[in-house]
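For the numbers below, each heavy atom of this structure counts, side chains included, while hydrogens, waters and symmetry mates do not.
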Amino acid sequence: MTKRFLALACAMALTAAAASPSALALSGEASRAGDTLYTLGLVKGTTGSEYSLELEAPATRGTAVTMLVRLAGAEDDAARSGGQTGFRDVPAWLKNAVGYAAGQKWTTGVTATEFRPQDPVTANAWCTFLLRMLGYSDSEGDFAVTDAAVFARHIGLTEVTYSGELSRGELFDIACDALKFHYKDSQETVLSRLISEGTVSRAAANALGLMPTELTARQVADRYSAAVFRLDCYEIADWKNAEKPSANATGFFIDGSGIAVTNYHSIDAALFVKATLSTGESYPVERVLYYDPQIDIAVIQVSRTSLDGETTSTFASVEMAGTADIRTGDVVYAISNPLGLGLFVSQGIISDPSRKVERYALPCVLNTADISMGSSGGALLNAYGQVIGVTAGAYSSGNSMYLAVPVDPAMTADLTGEGWTLAEVDEMENGR
């Protein structure tokens, strides 16, 4: 009996967007973040008979710069710096932090002589401080101060896009998110550096569950959704002009420069493809750097200039691990764009790490992480948040029998060449 299976590119024009997350941190999240930072010794509770972090109070620029220096593990260096700030309005207790952060060019004053430590801190200002500390530069074009909060969500530094003036709870929530984030062009995270320098206890971080060997579904969603995007594919110019895609699919970045992976069948016959991020920005696909119809995989180059004419310095990306070490029963997570409705995360296990399927030239990863039409090209991640496969299809008459093609060919492909346009690929493969 022939087994039937479906490729899961969504051939429909439905492009309903997922609802935007609230810019306000939930009170429970703010409390969790504050307690985490307090336990690690990165914030102090107010004095008095009861412990309180005053989470609902406005966050000030003074609070922000103090938090920044502690996240950098630089309190001792700040104390040795002598507190030379050049600002006339900084109180004695804050001079070391402000002087050090300004010296590192992480912060600036509101004027040449005023830091205004009691002023409310905005989401853009706090994200600017953090991004500079992490090695990103607004002066060199990595991001714009006026859009720092959007850029922070764009690269996965924050879990939601914040705006306006922040409460202390929201500032702490962003700081807590930053603990797991990597410094620019480094595999070192803020937390791992704090631990290596002795600022934070490894035992305390372990007790808080900040250093698990395996990730929860929520951690996978928080950390990697920013690297996955919706693909809208257009086979005819008139459909593009009318914003009616011939198919919806998914892709994910494997490099901050815009190199991304999807299924070949997702882009097959398309003459124009755009990638829409979780933050809502859309970028055109410029080139196809590698593809193989038999394996059903393609590596594409996404432009760093959006369809609105805005240029980004980098994209969030995921690490590829491949299928060499996967086993039946391993936990997996799928992040994809089912039915063109936006990004969804599902959890499952590997049923068969090497299932031979007639359609595919390489054995597939059979698993139970739910996907649907539109999920083609999504990321199948292992329990450590590394990509092992590209979500591709399902057995049409089975339950929880989903197929992912191995990502391994993209790991070994030569991506240094010029590649091809979508039209050139279509001509070579379909003779049009």
Side-chain angles (χ1 to χ4, degrees), residues 21-27 29-34 36-38 40 42-44 53-75 78 85 87 90 94 97-110 114-139 142-184 189-191 194 222 226 279 313 316:
S22 170
L24 297 176
L26 298 174
S27 59
E29 292 301 296
S31 179
R32 174 192 60 80
T36 296
L37 296 171
Y38 178 80
L40 295 176
L42 299 175
V43 297
K44 315 295 184 187
L53 291 174
E54 300 179 325
L55 299 175
E56 295 181 2
T60 65
R61 286 170 53 84
T63 303
V65 77
T66 301
M67 183 79 261
L68 183 73
V69 171
R70 289 176 181 165
L71 280 177
E75 278 195 294
T85 68
F87 302 117
V90 177
L94 191 57
V98 172
Y100 185 81
Q104 297 295 317
K105 301 188 185 305
W106 297 340
T107 64
T108 57
V110 176
E114 294 182 325
F115 187 77
R116 297 185 188 172
Q118 296 305 314
D119 279 6
V121 68
T122 65
N124 278 333
W126 177 223
C127 289
T128 293
F129 296 171
L130 278 174
L131 288 164
R132 289 170 177 166
M133 186 201 79
L134 291 166
Y136 294 89
S137 172
D138 50 302
S139 63
D142 286 339
F143 69 99
V145 171
T146 53
D147 291 317
V150 173
F151 181 76
R153 178 67 186 95
H154 172 83
I155 63 172
L157 172 58
T158 60
E159 298 169 10
V160 299
T161 302
Y162 292 82
S163 62
E165 296 175 359
L166 298 176
S167 67
R168 285 169 58 90
E170 289 171 321
L171 184 140
F172 294 157
D173 199 37
I174 297 172
C176 198
D177 286 344
L179 289 173
K180 61 181 178 283
F181 201 76
H182 292 83
Y183 285 87
K184 184 182 179 183
T189 66
V190 171
L191 181 61
L194 288 170
D222 287 346
T279 48
S313 61

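Using a 4.5 Å heavy-atom cutoff, the side chains of Glu75 and Tyr100 are not in contact. Considering only heavy atoms from C-beta on, Arg32 comes within 4.5 Å of Cys176 through its side chain. With contacts defined as side-chain heavy-atom distances shorter than 4.5 Å, the pair Tyr162/Asp173 qualifies. Between Thr107 and Arg61 there is no side-chain heavy-atom pair separated by less than 4.5 Å. In this structure the side chain of Leu194 reaches within 4.5 angstrom of the side chain of Leu42, judged on heavy atoms. Annotation: side chain of Leu157 is not in contact with side chain of Asp177 (no heavy-atom distance under 4.5 Å). Arg70 places a side-chain heavy atom less than 4.5 Å from the side chain of Lys44. The side-chain heavy atoms of Leu134 and Val190, taken from C-beta on, include a pair separated by under 4.5 Å.
One finds the OG1 atom of Thr189 at 8.0 Å from the CG atom of Leu179 (value rounded to the nearest 0.5 Å). Leu71 CG to Trp106 CH2: the interatomic distance, rounded to the nearest 0.5 Å, is 9.5 Å. Annotation: the span from Leu40 atom CG to Leu191 atom CG amounts to 7.0 Å, rounded to 0.5 Å. Taking CG of Leu94 as the reference point, atom CD of Gln118 lies at 8.5 Å (rounded to 0.5 Å). Atom OG1 of Thr66 is separated from atom CG of Leu171 by 10.0 Å, given to the nearest 0.5 angstrom. Note that the CG atom of Leu55 and the OG atom of Ser31 stand 6.0 Å from one another [nearest 0.5 Å].
The two residues Phe172 and Ala33 make their nearest non-hydrogen contact at O-CB, 3.6 Å.
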Quiz prompt | Test log, rule side chain to side chain contact (heavy atoms under 4.5 Å, CB included), inputs Met67 and Leu37 | solution = CA-CA 10 Å; Met67 183 79 261; Leu37 296 171; 4.1 Å; yes

Quiz item: So Thr60 and Thr63, side chain to side chain donor-acceptor pair (under 3.5 Å) or not? Walk me through it.
Solution: CA-CA 5 Å; Thr60 65; Thr63 303; 2.9 Å; yes

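By the 30° and 60° cut-offs, the orientation of the rings of Tyr136 relative to Phe181 is tilted.
Ion pairing between a basic and an acidic side chain is recognised when a charged N comes within 4.0 Å of a carboxylate O; Asp142 and Lys184 show such pairing.
Not counting sequence neighbours, Lys105 has no partner by the salt bridge (charged side-chain N to carboxylate O under 4.0 Å, His left out) test. With sequence neighbours left out, Phe87 forms a ring pair (Phe, Tyr, Trp, His ring centres under 6.0 Å) with Phe115.
For residues 119-132, every residue pair satisfying the side-chain hydrogen bond (donor to acceptor under 3.5 Å, both in side chains) rule, not counting sequence neighbours, is listed here: Arg132-Asp138.
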